[in-house]
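Take a look at the structure below.
In what follows, chains carry the letters A, B, and so on, assigned in the order in which the sequence lines appear, proteins first and then strands, with residues in each chain numbered from 1.
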Amino acid sequence: MTGQTEAAEALTANEVARIKADFEILEHQVNGADMVYLDSGATSQKPRCVYEAEQHYYENANAAVHRGAHTLAVEATDIFEQGRETVAKFIGAKTNELVWTSNATEALNLISYSMSNASLGRGGDAAARFRLGPGDEILTTELEHHANLIPWQELAFRTGATLRYVPIAEDGSLRYDLIDSLVTERTKLVAFTHVSNVLGTITDTRRFVDAARRVGALTVLDGCQSVPHLPVDVKALDVDFMAFSGHKMLGPTGIGGLYGREELLNAMPPFLTGGSMITVVDMEHAEYLPAPQRFEAGTQRISQVHGLATAASYLDEIGMQRIADWEEHLGALLYEGLSALEGVRVFGPVDAKRIGTVPFEVIGVHPHDVGQFLDSRGIAVRVGHHCAQPLHRALGVTATTRASTYLYNTEDDVKALIEAVASVREYFGV
Amino acid sequence: MNELDQLYQQVILDHSKRRIGSPLVEPETGHRHGESHQHNPICGDQIRVRVELEGEQFTAMSWEGDGCSISMASASVLSEMLPELTREQFLDKLDLFREMMRSKGTMTPDEEVLEDAVAFAGVSKFPARVKCAMLAWVAAEVAMLEAA
């Protein structure tokens with residue numbers, strides 16, 4: 001847990017300016033204008049210390065981990081496992097409860113395929129909790145990123161289980177009132193997002209966890225948009241699993257994590273198999289290591305782990321609560337500023353708690369054209385369906401424009417966006 | 001003219017609003033017709049194009065779609081051109097249009113051949129938008145082949 005134990009003094013504009021200076025890329029010009037990067041929901045920029053850590057690793061300690069007895073191999077293993085300790089602590093997990101994956105998508109697929117394997121009888125009686133079959137149900141929500149939907153669709157297809165979902169209301173808020181009737185004795189798994197990647201709204205996770213606990217269903221939290229922006233403590237959230245990705249929290253691409261409760265990870269049959277995840281192998285079968293190694297077959301992403309751990313320490317030093325407060329402030333400025341523009345419609349519930357992520361539409365102008373216009377002024381936003389087609393369908397649009405902040409964004413960035421959006425309709429003659 | 005204005009030429013902005021050839025119309029009896037639905041999974045843009053032919057000669061194109069100004073204007077411009085063309089003439093123009101789109105802004109297009117479609121030359125400098133401009137042309141080609 002970070003930030004919450006410190007006196008959470010608000011970030012000042014000067015401090016944010018200093019933070020911004022750690023990000024070389026943000027000093028660039030785009031199309032003749034100062035870059036305004038408002039696409040951190042897609043991927044965050046990286047501070048110098050993160051890629052310097054990767055470079056330092058390659059210059060000084062590169063070797064395969066958990067094998068070999070030479071000095072470099074020992075140093076590389078130390079860096080790798082030290083990284084796990086740092087990032088596990090960052091999310092409130094025990095060190096052996098964090099499994100490295102390529103990204104959050106792989107983390108969610110890991111659970112899906114491990115449950116498939118359990119459903120085929122792998123893992124024996126110890127894995128009974130992970131078995132699914134006809135009559136069982138998986139529950140997700142209409143808010144989800146495709147990464148927290150399609151792995152469950154596929155799991156349902158493979159096992160004969162039924163996929164159900166909590167719908168959203170017209171304004172994009174989750175229908176919490178339906179959770180209790182949707183979670184039944186048949187429900188074996190409840191998968192939901194902590195923060196909507198489109199709307200930026202923060203889920204009341206307690207409602208899902210309580211309902212799941214009542215029937216003994218497993219809970220899977222998509223932490224992609226929460227771990228980078230909010231203080232996250234998996235023990236306080238009381239979820240069974242949580243997936244998150246490194247590149248959205250100042251870390252490198254190619255690294256993500258899966259948190260799982262220790263007893264669950266140790267009972268779950270593995271997904272990817274091969275080297276480095278076994279104890280004894282003969283030609284007929286193999287015994288597997290305890291978690292996390294049982295889920296980490298093959299040569300690992302060592303420099304990326306080091307980069308991600310450096311990013312987590314960087315965030316921790318500033319304080320996640322202060323970052324969350326700053327982004328809540330920027331999010332409110334965005335929401336109010338864009339809402340006040342004529343011909344602009346902002347999506348998402350008015351009274352929701354949100355991070356600095358706001359989707360909108362300029363009436364009469366396609367999001368791609370809006371994005372192109374903003375890009376000509378050096379402003380980077382995301383346009384499209386943001387890997388959440390069902391959510392967009394429920395909102396009655398095919399695409400939106402999404403602005404998303406991070407700790408390095410200033411009030412001036414928000415102002416630049418709002419000013420530019422204000423002139424979109426005139427440019428396109430609507 | 002800056003790059004944005006080269007991309008969004010007045011011809012394109014006008015056509016994106018006028019949407020010539022939209023909505024779809026029922027084919028005339030006796031004419032061969034074909035239809036194609038094309039979808040750009042990156043942005044969700046989609047278009048349904050219907051063409052009619054009498055022998056080798058196009059007689060009509062109509063369409064329905066949902067997308068950005070580039071994709072909608074491209075369909076509109078093509079709808080205006082197509083009923084004047086034979087299959088062969090269309091395929092020649094399609095080749096040239098595609099070549100222009102892939103040129104990354106280096107090609108000076110032949111206005112004699114491409115007519116109003118030369119306005120899309122600026123799009124070729126924006127690789128992410130080339131698909132938008134191509135969508136209706138690809139749909140028309142598939143619809144033509146279906147009508148054969």
Side-chain angles (χ1 to χ4, degrees), chain A residues 29-33 39 42 145-147 149-150 197-198 343 347 359-402 420-421 423-430, chain B residues 1-20 22 37-48 63-77 101 104-105 119-136 139:
Chain A
Q29 294 246 314
V30 173
N31 296 320
D39 195 20
H145 186 285
H146 295 162
L149 171 62
I150 303 171
N197 73 305
V198 179
F347 296 95
F360 60 95
E361 107 175 288
V362 179
I363 313 273
V365 185
H366 192 277
H368 248 194
D369 296 324
V370 175
Q372 196 82 60
F373 178 83
L374 296 176
D375 181 60
S376 74
R377 296 190 173 201
I379 303 171
V381 293
R382 173 97 184 256
V383 295
H385 51 61
H386 319 303
C387 300
Q389 288 185 14
L391 168 60
H392 278 80
R393 208 164 290 126
L395 295 172
V397 289
T398 48
T400 53
T401 305
R402 178 189 70 180
V421 173
S423 31
V424 167
R425 275 162 62 92
E426 194 195 335
Y427 183 84
F428 288 98
V430 295
Chain B
M1 209 183 328
N2 67 32
E3 286 204 343
L4 193 72
D5 294 341
Q6 281 173 35
L7 174 67
Y8 293 115
Q9 303 218 1
Q10 204 52 47
V11 174
I12 292 180
L13 293 181
D14 288 347
H15 269 282
S16 74
K17 292 189 195 75
R18 284 163 65 204
R19 297 195 178 198
I20 293 167
S22 189
H37 182 248
Q38 296 289 325
H39 179 241
N40 182 352
I42 299 163
C43 56
D45 284 7
Q46 54 93 25
I47 192 165
R48 186 177 295 282
W63 59 279
E64 248 162 35
D66 181 18
C68 66
S69 59
I70 304 293
S71 66
M72 298 296 99
S74 180
S76 178
V77 167
M101 282 301 126
K104 298 189 171 156
F120 294 87
V123 179
S124 69
K125 282 187 194 160
F126 297 86
R129 306 304 298 276
V130 167
K131 265 197 168 170
C132 313
M134 287 303 305
L135 202 63

In Å, rounded to the nearest 0.5 Å, how long is the span from [atom1] of [X] to [atom2] of [Y]?
X	Y	atom1	atom2	answer
B:E3	A:N31	CD	CG	7.0 Å
B:I70	A:H366	CD1	NE2	11.0 Å
A:F373	B:L7	CZ	CG	12.5 Å

Could you tell me which portion of [X] (side chain, backbone, both or neither) has an atom closer than 4.5 angstrom to a non-hydrogen atom of chain A?
X	value
B:L4	both
B:D5	both
B:D14	neither

Can you give me the closest heavy-atom contact between B:R129 and A:H368, atom names plus distance? NH1-O, 3.4 Å
Mind running side chain to side chain contact (heavy atoms under 4.5 Å, CB included) on B:K17 and A:V430 for me, showing each step along the way? CA-CA 9 Å; B:K17 292 189 195 75; A:V430 295; 3.8 Å; yes
Name the member of A:G32, A:P367, A:S376 that forms the most heavy-atom pairs with chain B at distances under 4.5 Å. A:S376
Pick from A:T398, A:V365, A:D369: which one has the most heavy-atom pairs with chain B under 4.5 Å? A:D369
Taking atom CD of A:E426 as the centre, does the number of heavy atoms from other residues, nucleotides or ligands within less than 6.0 Å exceed 12? no
